[in-house]
S.K.: 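Okay, handing you the structure first.
We use all heavy atoms of the structure for the numbers below, so side chains are in, but hydrogens, waters and symmetry mates are not.
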Amino acid sequence: MKILYGTTNPAKLLYMREQLSGLDIELICLKDIEGEIPEVRETGDTPLENAKLKARAYYKAFGIPVFSCDSGLYFDSLPQYSPKVHVRNIGGKCLTDDEMIEYYGGLAAKHGDIVARYRNAICFVMDEQHVYTDFSDDLSGNPFLLTAVPHPKRIEGFPLDSISKYIENGEYCYDCDDPNPVDQLNGFARFFGEVLKKHKKEFI
């Protein structure tokens with residue numbers, strides 16, 4: 001079963017393939033498909049609104065089952081600075097990976113380690129009649145810390161991982177056995193498992 005993941009980010013594709021490895025799903029991304037990729041303006045106020053905008057646009061462009069995800073970053077300890085859905089866009093500028101580390105690390109340097117949390121949403125368009133969305137807690141992450149000094153290890157596409165620490169022990173995520181402190185439950189597998197159970201049919 002083949003499904004288009006509405007992203008060009010190789011790190012996000014790899015992560016999602018790992019999350020869905022127990023399901024009979026073959027994921028491809030926008031770089032794997034022919035045709036012009038539509039530019040989608042993410043004008044939503046929440047991760048779910050943006051996920052819907054992207055998924056519907058990609059389905060309209062390519063006509064195959066497609067899903068999109070969107071995330072918002074929320075600061076429990078510094079709510080007035082929460083970027084929410086504008087994690088990369090600060091002051092009207094789209095930040096590079098290095099600029100994101102500099103900006104968020106700078107906030108932590110000024111205010112102390114920041115207690116942060118990602119909230120994630122998904123929209124899956126199977127066809128015109130079947131559109132599924134989710135913004136549940138098990139798609140979201142546990143609280144973690146954003147700190148000022150970055151870890152030397154970096155993964156392209158996930159810049160904030162290098163300044164992320166566990167709340168419990170203050171260790172960098174890259175120095176722990178479990179490298180991702182923000183994961184909670186595998187809500188993506190739960191979501192697709194429920195959808196595929198409802199619709200047992202071949203995907204394009």
Side-chain angles (χ1 to χ4, degrees), residues 5 7-22 27 29 42 44-48 50-51 68-122 134-191:
Y5 181 11
T7 185
T8 58
N9 187 320
K12 289 183 178 180
L13 178 63
L14 177 61
Y15 173 80
M16 191 61 69
R17 281 176 171 166
E18 292 173 348
Q19 295 297 296
L20 304 183
S21 61
L27 287 187
C29 71
E42 297 182 26
D45 293 325
T46 67
L48 184 55
N50 282 337
S68 287
C69 299
D70 201 68
S71 298
L73 181 60
Y74 297 81
F75 296 158
D76 294 349
S77 63
L78 209 63
Q80 67 272 31
Y81 287 99
S82 292
K84 301 179 182 178
V85 296
H86 306 292
V87 181
R88 275 195 184 267
N89 296 283
I90 303 297
K93 180 182 179 182
C94 183
L95 303 184
T96 65
D97 283 6
D98 287 341
E99 289 170 338
M100 288 181 68
I101 292 172
E102 181 180 358
Y103 173 76
Y104 290 105
L107 283 179
K110 182 177 180 180
H111 300 283
D113 286 354
I114 302 168
V115 179
R117 180 196 306 267
Y118 287 104
R119 293 205 64 201
N120 305 310
I122 186 171
D134 205 330
F135 198 17
S136 301
D137 286 343
D138 66 350
L139 294 174
S140 301
N142 287 320
F144 63 101
L145 297 176
L146 287 177
T147 195
V149 180
H151 192 281
K153 179 179 178 180
R154 298 186 187 181
I155 296 178
E156 183 180 356
F158 289 96
L160 297 189
D161 283 3
S162 68
I163 58 171
S164 296
K165 291 183 174 182
Y166 282 95
I167 290 178
E168 293 78 9
N169 55 23
E171 293 185 27
Y172 285 96
C173 63
Y174 287 136
D175 292 334
C176 299
D177 292 334
D178 179 2
N180 195 340
V182 304
D183 277 350
Q184 185 173 353
L185 300 173
N186 190 346
F188 295 108
R190 185 266 309 158
F191 171 79

S.K.: With the side chain counted from C-beta on, respond yes when Leu20 and Leu27 share a heavy-atom pair under 4.5 Å apart, and no when they do not.
M.R.: yes
S.K.: How far does CG of Leu160 sit from OG1 of Thr147, to the nearest 0.5 angstrom?
M.R.: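 Those atoms lie 12.5 Å apart.
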S.K.: Does some side-chain heavy atom of Met100 sit less than 4.5 Å from a side-chain heavy atom of Val87?
M.R.: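 In contact.
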S.K.: Mark yes or no: Arg117 above the aromatic ring of Phe144, with NZ or CZ under 6.0 Å from the six-membered ring centre and no more than 45 degrees from the axis.
M.R.: no
S.K.: Give the minimum heavy-atom separation between Tyr174 and Lys153, together with the two atoms involved.
M.R.: CE1-O, 3.3 Å
S.K.: Within the 3.5 Å criterion, strictly below it, is a donor on Asn120 or Ser140 matched to an acceptor on the partner's side chain?
M.R.: no
S.K.: Looking at SG of Cys29 and CG of Asn9, how far apart are the two atoms once the value is rounded to the nearest 0.5 Å?
M.R.: 9.0 Å
S.K.: To the nearest 0.5 angstrom, please state how far the OH atom of Tyr172 sits from the CD1 atom of Ile163.
M.R.: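 If we round to the nearest 0.5 Å, Tyr172:OH and Ile163:CD1 are 9.0 Å apart.
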S.K.: Any side-chain heavy-atom pair from Leu107 and Phe75 closer than 4.5 angstrom?
M.R.: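 Yes, close enough: below the 4.5 Å cut-off.
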S.K.: If you draw a 6.0 Å radius around CD in Glu102, do more than 12 non-hydrogen atoms from other residues or ligands fall strictly inside?
M.R.: no
S.K.: Has the side chain of Asn186 got a donor or acceptor atom that lies under 3.5 Å from a matching backbone atom of Gln19?
M.R.: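 Yes; at least one donor-acceptor contact below 3.5 Å.
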S.K.: Salt bridge check: are Asp98 and Arg154 linked by an N-O gap of less than 4.0 Å?
M.R.: yes
S.K.: If you define the side chain from C-beta out and look only at heavy atoms, does anything of Asp70 sit under 4.5 Å from Leu48?
M.R.: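 In short, these two side chains do not touch, never coming nearer than 4.5 Å.
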S.K.: When you measure from the side chain of Asn50 to the backbone of Gly44, do you find a donor-acceptor pair of N or O atoms at a distance under 3.5 Å?
M.R.: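 Such a contact is found between Asn50 side chain and Gly44 backbone.
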S.K.: With a 4.5 Å limit on heavy-atom distance, are the side chains of Tyr166 and Leu145 in contact?
M.R.: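 SC-SC contact between Tyr166 and Leu145 ruled out.
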S.K.: How far apart are the closest heavy atoms of Ile114 and Ala108, and which atoms are they?
M.R.: CD1-N, 3.9 Å
S.K.: Between Ser162 and Pro150, is there a donor-acceptor pair closer than 3.5 Å when you use the side chain of the first and the backbone of the second?
M.R.: no
S.K.: Kindly give the heavy-atom pair with the smallest separation between Ile90 and Pro83, and that separation in Å.
M.R.: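 Closest approach of Ile90 to Pro83, heavy atoms only: CD1-CB, 4.4 Å.
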S.K.: Once you round to the nearest 0.5 Å, how far does CG of Leu146 lie from OH of Tyr104?
M.R.: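 Here the interatomic distance stands at 8.5 Å.
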S.K.: Which distance, rounded to the nearest 0.5 Å, do you find between the CG of Leu139 and the CZ of Phe188?
M.R.: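 Output value for this atom pair is 5.0 Å.
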S.K.: Testing the basics here: between Pro47 and Ala121, what is the closest heavy-atom pair and its distance to 0.1 Å?
M.R.: C-CB, 3.7 Å
S.K.: Any pair with a residue in residues 79-95 that passes side chain to side chain donor-acceptor pair (under 3.5 Å), sequence neighbours left out, goes on the list, sorted by first then second residue, please.
M.R.: Arg88-Asp97, Lys93-Glu99
S.K.: Any ion pair linking Asp134 and Arg190 (charged N to carboxylate O, less than 4.0 Å)?
M.R.: yes
S.K.: Do Tyr5 and Cys69 have side-chain heavy atoms sitting under 4.5 Å apart?
M.R.: yes
S.K.: Taking the side chain as every heavy atom from C-beta outward, state whether Asp113 and Ile167 have any atom pair closer than 4.5 Å.
M.R.: no
